[in-house]
Amino acid sequence: MADSVKIVDGRNSFCPGPLMELIKGIRQEPVGTVFEVWSSDAGSAKDIPEWVRRAGHELISNTQDGDVFKIQVKKLK
Amino acid sequence: MVILGGGVGGTIVANQVARQMSDDLKKGTLGVTVITDSEQHVYQPMFLYLAFDQVVPSEAKKPERGLLHRYVKMVVGAADHVDQDQKTVVMTDGTSVPYDYLVIATGSRPAPEQVAGLPEGGHLFYTEEGALRLRQALHDFEGGRVVITVGVPHKCPVAPLEFTLMLKAWLEAKGLGQKTEIVYTYPIGRIHSLEPVAQWAAPVFDDQKIESHIFFNPEQVDPEHKTITSLEGETLDYDLLVAVPPHTGQDVIGRSKLGDAGQWVPTDRASLRMKGSDDIFVLGDATDLPISKAGSTAHFEADVVAANLVSLLNGGLGSVRYDGKVFCFIETGLTKATYITFDYLNPPKPSEPTEMIHMFKMAYNRLYWLTPAGLL
Ligand SMILES: Cc1cc2nc3c(=O)[nH]c(=O)nc-3n(C[C@H](O)[C@H](O)[C@H](O)COP(=O)(O)OP(=O)(O)OC[C@H]3O[C@@H](n4cnc5c(N)ncnc54)[C@H](O)[C@@H]3O)c2cc1C
């Protein structure tokens, strides 16, 4: 994993949850930042790509590592 | 021991430690100081009721001194920054307050200025000033399209839902139900971050004809044309705009270089110590933890921080862990409420709203003052 990847650890976060944590990160970090969201909730693997598409960012990868879903996103604007 | 911030969390820690260590405080072998920039302790949940003219501002405030244990020292003033090397809190007037242990409990701040045009074009009920302005706007409202929008991150995640349902009931009671459209927007793919709450609220919204727009992160408001546009590219018209704005951590965190880009302090989710530090604890809204920013969170975290400080001061290891517990009442109109409770491992299950729970919340609004006192 590249050093510049920012981990958003949303495991066991029911509220605000992994997607809100990603939105918070995207709002506060510069364009070009790559985030890797960790989530223990299967719904995130669908919700996060959907939001990323609507918001115009880039979905780099969406994988499952044991019980944890790992979704990489690049901030484009 | 120094506690920076005299809100819910900071006041509870000070009182719990003082009560358990009162002999040491009396002898002078221990000092507990609370630094706070306001002489008044504010119970923020009252702002929701203030907007609907159900309470007045004085009902949301009491002098902080009267809530603190008599052996706790209170310094009223704004902290400029924390100097970790010197172990002092430097105040804006140039004085310093030294610490062996520091508790950061500075809370968070709504930042409407982060959404262009929002301060001019919209209302908020998250500050006393904002709630009073909204009270007047609601008083003068004669019908139209109300848009409620929610920024990320924000404290009290149930407040947007509560405000929407209370507004609906309030408009019906005022005879404006038929003349008003309520539009609720939410940043993610359902109408509340908690899935069980979203599942419960969706049919309630359908039933009450409240329109919802998901994946809507407010980005720009045009006060002249009365429109709001999301970063996802959707534009909505409004007659009255009410926002729960995005929040930031306090500037003192930024000036101290203790936080991330949003001025949230990196915190260990179990020990509540600032990451990389043995002598700084963090609680409440100020942390970067992925949990609800709520008074109840600050309260449960304060119990853990106080227990660990008492342990450390008595030669223990300070190893009590926070389990992520949160408790929230949810007002579902003007006469009924429900509640949720959850932690890192157990999701919430909202129950059917009842009048009894609403009455309990009303009673708690008056009993709140026992919470910072460390009694409830
Ligand atoms: C409208 C509304 C409704 C809400 N409803 C609920 C609810 O129903 N249930 C619930 O659990 N929560 C609710 N909340 C959220 C709750 O009020 C906060 O989450 C809670 O107050 C956080 O506690 P805290 O101790 O972290 O910070 P706060 O209580 O905000 O205290 C922070 C303190 O730090 C002080 N401070 C900050 N910076 C400095 C500085 N530089 N120098 C000195 N002092 C400083 C501030 O003056 C303040 O006294 C609501 C909030 C709002 C606005």
Side-chain angles (χ1 to χ4, degrees), chain A residues 3-59 62 66-77, chain B residues 111 114-115 150-158 186-190 192-198 214-219 230-234 246-249 259-264 266 269-270 288-294 297 323-324 326 328 340-349:
Chain A
D3 279 352
S4 57
V5 172
K6 269 208 156 345
I7 302 296
V8 176
D9 188 353
R11 288 174 299 169
N12 301 330
S13 168
F14 294 116
C15 181
L19 174 50
M20 282 261 228
E21 283 297 306
L22 172 66
I23 297 172
K24 168 182 146 191
I26 285 204
R27 283 178 42 87
Q28 66 188 37
E29 300 296 338
V31 171
T33 307
V34 176
F35 298 87
E36 183 170 296
V37 188
W38 294 352
S39 167
S40 42
D41 148 42
S44 300
K46 276 201 247 131
D47 262 18
I48 293 179
E50 168 76 9
W51 178 76
V52 167
R53 189 181 58 74
R54 289 181 186 228
H57 299 296
E58 182 189 340
L59 183 73
N62 187 353
D67 290 341
V68 182
F69 296 87
K70 294 187 170 174
I71 303 152
Q72 279 204 358
V73 177
K74 185 172 183 181
K75 175 170 174 169
L76 292 187
K77 56 181 192 177
Chain B
Q114 289 189 358
V115 178
V150 183
V152 176
H154 58 270
K155 64 184 159 190
C156 195
V158 295
Y186 205 67
I188 62 169
R190 51 181 182 247
H192 193 265
S193 57
L194 288 161
E195 200 165 355
V197 175
I214 52 172
F215 289 122
F216 189 104
N217 283 276
E219 189 168 60
S230 69
L231 78 79
E232 293 81 3
E234 190 178 358
H247 281 54
T248 68
D260 61 15
Q263 305 189 148
W264 310 109
R269 62 165 80 194
D288 74 339
L289 295 176
I291 55 171
S292 308
K293 295 192 185 299
T297 309
D323 63 1
V326 180
C328 292
I340 44 170
T341 175
F342 55 102
D343 58 34
Y344 288 143
L345 297 178
N346 301 292
K349 295 184 207 87

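Every chain is numbered from 1 and lettered A, B, ... according to where its sequence line falls, protein lines coming before strand lines. Please read all numbers here as calculations on a predicted model, not as lab measurements. Heavy-atom basis, side chains included; hydrogens, waters and symmetry copies ignored.
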field: Straight-line distance of A:Met20 CE to B:Tyr186 OH, nearest 0.5 Å
entry: 3.0 Å

- prompt: To the nearest 0.5 Å, how far apart are CD1 in A:Ile23 and CZ in B:Phe215?
  reply: 8.0 Å

message: At a heavy-atom distance under 4.5 Å, which candidate from B:Pro157, B:Gly189, B:Pro246, B:Gly233 has the highest pair count against chain A?
response: B:Pro246

query: Based on non-hydrogen pairs under 4.5 Å, which of B:Asp260, B:Val326, B:Thr248, B:Val152 is most in contact with chain A?
result: B:Val152

message: So B:Leu231 and A:Lys77, do their side chains get closer than 4.5 Å, heavy atoms only?
response: no

Provide the closest heavy-atom pair for [X] versus [Y] in the form atom of the first, atom of the second, distance.
X: B:Ser292; Y: A:Pro16; result: N-CD, 3.9 Å
X: A:Arg54; Y: B:Ile214; result: NH1-O, 4.4 Å
X: B:Tyr344; Y: A:Phe14; result: O-CE1, 3.6 Å
X: A:Cys15; Y: B:His192; result: SG-CE1, 4.4 Å

message: Quick check on B:Pro347 against chain A: is it the side chain, the backbone, both or neither that has a heavy atom closer than 4.5 Å?
response: both

- prompt: Between A:Asp47 and B:Arg190, does a side-chain contact (heavy atoms from CB on, under 4.5 Å) hold up when you go through it step by step?
  reply: CA-CA 9 Å; A:Asp47 262 18; B:Arg190 51 181 182 247; 4.2 Å; yes

- request: For a side-chain contact (heavy atoms from CB on, under 4.5 Å) with A:Asn12, tell me which candidate from B:Asn346, B:Ile291, B:Leu345 qualifies.
  value: B:Leu345

- request: Can you tell which part of A:Lys46 gets under 4.5 Å to a heavy atom of chain B, answering side chain, backbone, both or neither?
  value: neither

message: Considering only residues two or more places apart or on different chains, which pairs with a residue in residues 24-35 of chain A satisfy salt bridge (charged side-chain N to carboxylate O under 4.0 Å, His left out)?
response: A:Glu21-A:Lys24

